[in-house]
2 protein chains.
Amino acid sequence: MAEHTHHTNTEQAILEAAEREFLAKGFEGARTTSIARAAGVTHAMLHYYFRTKEKIFERILDEKMRLIGESVLTAFGQPGLPLPERLRQGIENHFDLLAAQADLPRFVVTEVFSHPERCEVMRRRIRRILDRLLVDLQRELDEAAARGEADPVDALTLLLDIISLNVFSILAYPLLAPLVGDPEGGRDRFFAMRKAENVAAIRKRILKIPER
Amino acid sequence: MAEHTHHTNTEQAILEAAEREFLAKGFEGARTTSIARAAGVTHAMLHYYFRTKEKIFERILDEKMRLIGESVLTAFGQPGLPLPERLRQGIENHFDLLAAQADLPRFVVTEVFSHPERCEVMRRRIRRILDRLLVDLQRELDEAAARGEADPVDALTLLLDIISLNVFSILAYPLLAPLVGDPEGGRDRFFAMRKAENVAAIRKRILKIPER
DNA sequence: TTTTGTGTTAACAATTCTGTTAAATAATTT
DNA sequence: AAATTATTTAACAGAATTGTTAACACAAAA
C-alpha cells in the first residue's frame, strides 16, 4: 500500500495528479475519482482542498495559459543580438520550450479555443506579452529593412508565422512522425528536422527579394 | 410541436444533430439526450439506429477524417500549372476548404491527436494521399530547381509548412482575430490577411537565394 | 382481414460521477 | 492536559447519463 497518512502536502499531490489527468483527458474526460486515486488520497479530499472539479481545473488551466504565453516572451524577448541571430534563437527557444511540454498545445486547443470566455482570458495575457515584444521587434525589422538587409515585414505577421510552424510541429507530431523519418529515430529526429525547417522558412521570409 | 411521426429519414436527422454536438463539445462533452433533442426524436431512437454513443461518434469521426485528408488532395492535386501558380492555388484552396469548416481542425486535434489508435487510422489515410501527391510535387520542385528558378526543397517539408500555416490560422482564429485587425471587419478580413501571408511565406520559401 | 416487420414511445434499470456529511483522527494552541 | 482546529475517512445522497425493454402505431404484404 502507498503512504496514506500525513501527506505533508496533500494539496500538492492532488494538483499534480489533476494536471496529468486534465492534460491527458481534458475537463470533460477527466474524473475526480481518478485524480484522487492517482494522488493516493480519498476522493473527499479533493472537495476539502478545492471545492469543486472546476476549481481544480482552473488552477491547472491558469498555470498552463501562463506558461504558453510566457514561452513566447522568454523565447523572443532577448534583444541585443543581430536580427537574424535573434530570430533563429527565438524560434529555437520557442520550439524547445514547447517540445519540453509537448501535450500543452493540444490542451490549450481543446480547452481554450472552444470556449469563448477562456479565449478572452488568454487573449488578455497574450496582448500584454505582445505589447512588450512587438514594438521592439518591429523596430529591428524596420531598421534591417532600411539598411537593405531585409524585406519589410509586419512583426506580428512574422511572429504568427513562427508560432504556426512551431506549434503545429509539436501538436501534430503523433500524426506526422512516422510519415517523415525513420520509425526508430523517432521524436528527437523529427523535432530536429522541423526546428531546422522552421528557422529556414522564417529566414527566407525576411529575405530581401533580389532585383533583376 | 415538431413533426414527431414518420421521419422519412430519422437516421439522417440524428446524424446531423450528432455532428453538431460532437464538433462543438467533443466525444466526452457530447450528450446523447442532447443529440436526440436537437434531432427532434426520442432518446431511444439513437440506440435503435446506432447501438451506442461510440457507434454514432465513429460515423462522424470517419467522415471528418476523410474530409481533412481529402482537402489536402483536392487542393494540391491539380497538375499542369507552373509551379508558383500551382502552389498559390493549392495554398488558397486548402485554406478556403478549411475555412469553410472552421471547427474541423479543432475537432481533429481534440479527438484524433490524443488517441493513438485514431492517429493510426488517420495516418493511413494521409499516407495514401501523400503518396499520390508528393512524387508529382517533388518532381516539379526538382525541375524548377534544375532550371535555376527555385531553391531545392523537400516536397513533404514544404507541404508540412503549408499545412502548419493554414491549419494554425484557422485553428487559432478565435484567439487571434481581435489581436490582428479591426474588431468588426472580423473573420473575413483576418482570413484574407492570413491567406495572403501564407502564400507569401511559401513563395519565399522556394525562392532561389541570390548569389552575391 | 390477419400477419409481419419497422419505426416509435415512455418508462425504467444500472451505472457513474460529483459533491456532502458526520464521525474519527491528528495537529496545534491554550 | 484540554480545547480547538485541521485533516482524513467512509458512507451516502442526488443528479445525470447511457442503454434496455415492453408496449404501441402503422404500413405493407399475405
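All figures in this text were calculated on a predicted structure; none of them were measured in a lab. So that the names make sense, note that chain A is the first sequence line, chain B the second, and so on, each numbered from 1.
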Expressed in angstrom and rounded to an integer, what is the separation of [X] atom [atom1] from [N] atom [atom2]?
X: Phe50(A); N: dT18(C); atom1: CZ; atom2: P; answer: 15 Å
X: Tyr48(A); N: dT21(C); atom1: OH; atom2: C1'; answer: 14 Å
X: Asn9(A); N: dA26(C); atom1: CG; atom2: C1'; answer: 16 Å
X: Met45(B); N: dT6(C); atom1: CE; atom2: P; answer: 13 Å

Electrostatic pair [X]:[Y] at N-O distance under 4.0 angstrom:
X: Glu21(A); Y: Arg37(A); result: no
X: Glu16(B); Y: Arg20(B); result: no
X: Glu85(B); Y: Arg88(B); result: yes
X: Asp136(A); Y: Arg139(A); result: yes

dT6(C) OP1/OP2 closer than 4.0 Å to side-chain N/O of Tyr49(B): no
Parallel, tilted or perpendicular, as decided by the 30° and 60° cut-offs, for the rings of Phe95(B) and Phe191(B): perpendicular
Under 4.0 Å protein heavy-atom contacts per nucleotide of nucleotides 14-21 of chain D, with B for base, S for backbone only and - for none: ---SBBBB
Output field: ring centroids Phe22(B)/Phe107(B) closer than 6.0 Å: no
